[in-house]
**Q** 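Mind looking over this structure? Questions follow.
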Amino acid sequence: MKRLLFILSFVIICHVGYSQDILVKNGTLITITDGVKENTDILIRNGKISQIAKGIKAPSGVEVIDAEGMYIMPGIIDAHSHLGIDAVNEATDPNTAHVWVGDALNPYDVGIYRALAGGVTTSHAMHGSANAVGGQCETIKHRWGVHDPEELRMIGAPRTIKFALGENPMRVHGEGRGLTPRTRMGMEQVFRKSFADGQAYMDAWNDYNSGKVKTPPAYDLKMQTMADILKGEILIHCHSYRADEILMLMDVLSDYGVKNITFQHVNEGFKVAPELAAFGAHASVFSDWWAYKFEVYYSTAYNATILAKNGVVTSINSDSRELIRHLYHEAAKTQKYGDLSDNEALKMITINPAIQLGIDKEVGSLEKGKDGDLAIFNKHPLSIYAIPQKTIVDGHIRFDIDNDMDDIRLDVDPTETIPAYIETQSHGGHSCGDGCMQGVAEHLLHKH
Amino acid sequence: MQVTGNYSIGSTIDKHQIFKNRRIIANISLNWILRIFTIMNRTIRAISFIALFCFLSFMGNSQNSDEPAVITAKFVIQNVHIIAKPGTPASFGSVLIEDGMIKQVGRAVTIPFDAEIIDGDSMYVYAGFIDALSHTGVKKSDTDDDRPKVKNPGYPPNDVAGITPELSAFDFISHKEKSIKDMRGQGFGISHVVPHGRLFPGQGAIILLDGNNADEMTIKKNTSTYSQFKGARGMYPQTIIGQMAKWREMYRSASYAKKHNSSFATNPVGIKRPSYDKAIEALIPVVDKKQKVYFKASKAMEISRAMALQKDLGFSIVLSDVKQATHAIKSIKASKADILLSISLPKEEKKDEDKKKEEKDKVSDSKVIEGSTIGAPLSAKEVEKKKKEHKAKSKKEKKKKKKKDPEKERLEARKKAAVAEYVSQAAMLEKNNIPFSFSFIDSKAKDLHPNIRRMIAAGLSEKTALAALTTEPAKLLGISNIAGTIEKGKLANIVMTDKPYFEEKSKINYVFVEGTPFKTEVKKKKKKSEDGADGSADIVGKWTYEMNIPMPDNTGVILIEKTDDTYKVSIASVDDLTDFEEIEDIELDGNNLVFDFDVTDGMTMNVEMDLNFDGESFEGTVTAGQFGTFDMSGSRESKTPKF
């Protein structure tokens, strides 16, 4: 009977009615954009924040959470992760602008639930860094429990694409296959050629569409994507370490009139912070992680602070299935090293990544009209004793520490061997350098 | 119930006979083949390989000439229960078959003087089954298992990267493929077959499962396009994201090519001549919706992705080999996509009660042995040993039972629920009024009967089950006017069973394909008492085998050991009894043991053995790479698997 009960309880959890109304009462609201409000209520209707005030009366049928003594912040946003996707690297060419990880969404990835357990409600599922121009990425909401991959997408989030500088593309394509780029000089040429080809492609289609030319150009999804970047329709997120290369890419972008870029990792960003600010480039960094390979030997835990103080919109990311569970700790490190204020530190994991992903109108702070995404903590989220209690996405509780089952999987392989305690692939930790290089081992082994 | 011997060419025994009658003159054995390769240099090796291959093909041809021509044959199946189509009650009567067609059906059938009469008293006849999608009779291309090298993996040639929509299954059909016989043995008369390959393997053909060559077998060719999420190796499109991008690119390129072609055809002045690209041209019928895309989408995510492409591009889709559609029902219904359910199902875990029962059975078995009622009497020592073994075993079992692991139990319960979900897919589709047929892309023909029974046990109605094997695939493939029911004027594709088909013990006696009868050999029942309590045969021991590859037959030794639930097989030829191939983790299915291994000696050849054990002997087949499939038999020398 126990078994039956277990199965039933699971079925019930999976099919809970999809309520998007909730009232959280008496908590300390960390709004990010409008200060801290003690003993205040926040009401979410139809998935959106509808009211922030003291003493809100619960409308009938709306679930009420008493959050007295608790801290409520906007759902945490990770601008760099690889959760919820079945493929990270299509490492077959230095330019794979045509591929899109949004095609490989997988709502059954348990990593999504683990991120929720750390208060993270939105993440940027990125292509890897094997290629100079990588694939297009997808901004996802952590709606754990849905089965349709379409329901993971954050509708309305702008298109983004992964670029990568330095050793990874040079190793995969240059060393591995004897193709360009073999050197950092070659890297620049890959970008220049990609943009030039994209420009030519766009021109050719304009000529055809305007009737100037009768022959349609050959359809090319890769070039089409380059053209969309040139048109400003896609935000660039570029894996980067060294200052010289960061300057190089900004030069290239200036030449082609491309403005929207967030540098990811950007461990030497502190060296070129004023230049980044002048360009309007953003930075998404690790709190205190470097020296995992040669090009990233030179960095500092003050990187985030220096960048922020120079006026660069800066976020702290995880790029890891483990770090994403405690991004609030990572943000707190900026206080130890850079002495940032609570709000400055928390902006690094809320509104700043939202700006970098172009979703700051929808998420990233507690404001009326924004998505009902909340992370509820027992202590102040920057305290080392803080433990996430509930995580709400679009007004729906997706993680609840009081109802946290051992086996949360949504999809069970009927042919699995039991015991299945250990996941087949280890994604966590920092040991392999970066999560960005998933799926490229094969290319390193097979040098042709 | 006797049909002229000539006609019963469906069984292994008969094939055996044909081999013997023909007095083969060559001397080739597996090991001989391999030895030649080691001795000779590369050139000679290649020549001998080709020569060998030609020789084998020649033999194949000579076999054809033995087969009878049955074009004008007439048959009357008398006094049978006729299930003309799904949902109709069985009616008692006869069926007259003439010229490959059903001439008359009913109570008053006129019997021509020259008709062969099959007395079907108390038997059941159904329309021949139609397999909606498989690789039946389709050879794998030789290069499929290579790892091709390309200079620039970002821009590989289409044919190297598995983008070959221009290929036609028709060109890969071989009437000698074992799969044809296997499918026919399970009641199929027609298959919709597609090539093996990667993302775009090629186009499908609808074939009859009888004939001497592809021409004779084919009903229609290039009827469909087949696609699956299977990436290229080491080149674009490698991962799922690459495959999705390539799909969009190919489809959109085909749409543009179509426009370009037509504007050039209307008025070429000033328009660049469209360049010809065979892969892109092959997809124009898909763009025109003249061909449906049979998209292999077994698991939930594959279904979502195939549907996403369909939604994005707008082609006609047949979701194929589906195994996990539970959460996609709504979108499938909304999109009106056709759906083919895979006949393969995950294995059922045995219930605790069953296990207990087995334990009891084992005890009673050993009691029988004690009393030596079966086989040679055991010595007192042996009896004592058995008793001890049994005691030790049951002690172990008890220990195991004591250690309950709640986490493991929960995991097992979830796995069991997952199995149940897969088994109930058919019933769920039926409940949602979604018509479906069955596909056999990664299933074995023999899975059909047991698995369809499991689906029925999980709530599927027999009517819908039969429709999924007959009328539904006929409708989907556009051949309803010639197949799918037992009606006057249709192809004489008929299945005859001794009991109603969906009953557990029901056996197929005859399968007619376009009027040609194939008698199914009913294998001798194995003696229960000698088998394990779970129904699987006792196969442990030292066996000798004989492979009926052309003269002289290759013989050797097979050692079979059992470890827990799986078996380890060690096999060596008499030519070199020091060189054992060892294959582990083999599962025994009843009395059927299937395993394969690679023999490498300059070249690599995959050898697959499919053996049916019956007490102290076994019969089966061995498939040696491209050389073909041969009969194989053997007997047990001792119960100790030691050499």
Side-chain angles (χ1 to χ4, degrees), chain A residues 2-4 6-7 10-11 85-96 98-108 127 131 135-136 146-150 173 177 179 213-222 406-407 409 411-416 418-421 439 442-443 446 448, chain B residues 147 149-156 232 234-246 248-249 252-253 255-257 259-260 263 270-272 274-275 299-301 304-305 308 324 326-328 331 345-347 405-422:
Chain A
K2 266 186 191 164
R3 274 185 187 174
L4 184 71
F6 175 78
I7 294 165
F10 190 79
V11 168
I85 47 177
D86 280 347
V88 174
N89 273 299
E90 170 71 29
T92 48
D93 196 63
N95 179 345
T96 53
H98 47 303
V99 309
W100 174 38
V101 300
D103 273 334
L105 293 180
N106 186 346
Y108 297 152
H127 188 274
N131 317 326
Q136 296 165 69
V146 301
H147 290 271
D148 183 355
E150 294 300 317
H173 302 286
R177 303 202 179 106
L179 301 170
V213 174
K214 281 187 178 176
T215 312
Y219 180 77
D220 188 329
L221 189 51
K222 183 184 291 188
D406 289 345
D407 182 2
R409 291 173 303 163
D411 185 37
V412 176
D413 177 3
T415 63
E416 73 181 4
I418 289 173
Y421 304 117
E442 194 194 1
H443 293 281
H446 294 276
H448 340 188
Chain B
R147 180 181 254 281
K149 278 182 184 158
V150 290
K151 231 180 173 179
N152 190 345
Y155 295 89
M235 68 189 82
Y236 177 69
Q238 185 177 34
T239 59
I240 179 66
I241 50 181
Q243 294 157 38
M244 293 289 279
K246 186 70 185 176
R248 290 201 177 88
E249 198 164 57
R252 289 183 189 144
S253 298
S255 318
Y256 285 120
K259 266 189 211 162
H260 191 174
S263 58
I271 299 177
K272 206 173 168 214
S275 57
K299 305 288 282 219
M301 289 307 113
S304 308
R305 286 162 197 162
Q324 194 190 14
T326 309
H327 300 286
S331 50
L345 292 176
K347 272 190 190 161
D405 177 350
E407 182 171 9
K408 194 176 175 194
E409 279 190 6
R410 284 198 298 271
L411 290 169
E412 272 167 357
R414 292 224 46 202
K415 180 176 172 178
K416 207 173 143 192
V419 173
E421 187 191 322
Y422 279 61

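Order of the sequence lines sets the chain letters (A, B, ...), proteins ahead of strands, with each chain counted from 1.
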**Q** Atom CG of A:Asp413 and atom OG1 of A:Thr415: how far apart are they, to the nearest 0.5 Å?
**A**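 Rounded to the nearest 0.5 Å, the CG-OG1 separation comes to 3.5 Å.
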**Q** For a side-chain hydrogen bond (donor to acceptor under 3.5 Å, both in side chains) check, start with the C-alpha distance between B:His327 and A:Asp148, then their side-chain angles and the critical distance, and finish with the verdict.
**A** CA-CA 7 Å; B:His327 300 286; A:Asp148 183 355; over 6 Å; no
**Q** Should A:Asp103 and B:Arg248 be marked as a side chain to side chain contact (heavy atoms under 4.5 Å, CB included) after you check the CA-CA gap, both sets of side-chain angles, and the distance that decides it?
**A** CA-CA 11 Å; A:Asp103 273 334; B:Arg248 290 201 177 88; 2.6 Å; yes
**Q** Output, in order, the C-alpha distance, side-chain angles, deciding distance and verdict of side chain to side chain contact (heavy atoms under 4.5 Å, CB included) for A:Thr96 and A:His127.
**A** CA-CA 10 Å; A:Thr96 53; A:His127 188 274; 3.9 Å; yes
**Q** Could you check which of B:His260, B:Arg305, B:Arg252, B:Gln324 has the highest count of heavy-atom pairs closer than 4.5 Å to chain A?
**A**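 If we count pairs closer than 4.5 Å to chain A, B:Arg305 comes out on top.
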**Q** Given heavy-atom pairs under 4.5 angstrom as the criterion, report whether the side chain, backbone, both or neither of B:Lys151 touches chain A.
**A**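 Contact with chain A involves the backbone of B:Lys151 alone.
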**Q** Name the option with the most non-hydrogen atom pairs under 4.5 Å to chain B; the candidates are A:Asp86, A:Val101, A:Ile85.
**A**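 Looking at each option in turn, the highest pair count goes to A:Asp86.
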**Q** With a 4.0 Å cut-off, would you call A:Arg409 and A:Asp407 a salt bridge?
**A**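 Yes, A:Arg409 and A:Asp407 are salt-bridged.
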**Q** Could you look at A:Asn95 and say if it's the side chain, the backbone, both or neither that has a heavy atom under 4.5 Å from chain B?
**A**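 Neither part, no heavy atoms under 4.5 Å.
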**Q** Under 4.5 Å from any heavy atom of chain B, what part of A:Leu221 do you find: side chain, backbone, both or neither?
**A**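 Looking at A:Leu221, backbone and side chain both touch chain B.
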**Q** To the nearest 0.5 Å, how far apart are CG in A:Asn131 and CG in A:Asp93?
**A**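 If we round to the nearest 0.5 Å, A:Asn131:CG and A:Asp93:CG are 7.0 Å apart.
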**Q** Can you tell which part of A:Asp406 gets under 4.5 Å to a heavy atom of chain B, answering side chain, backbone, both or neither?
**A**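 Interface part for A:Asp406: side chain.
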**Q** Find the one option among A:Tyr219, A:Tyr108, A:Trp100 whose heavy-atom pairs under 4.5 Å with chain B are most numerous.
**A**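 Most heavy-atom pairs under 4.5 Å with chain B: A:Tyr219.
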**Q** Side chain, backbone, both or neither: which part of B:Tyr236 has an atom under 4.5 Å from a heavy atom of chain A?
**A**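 Interface part for B:Tyr236: both.
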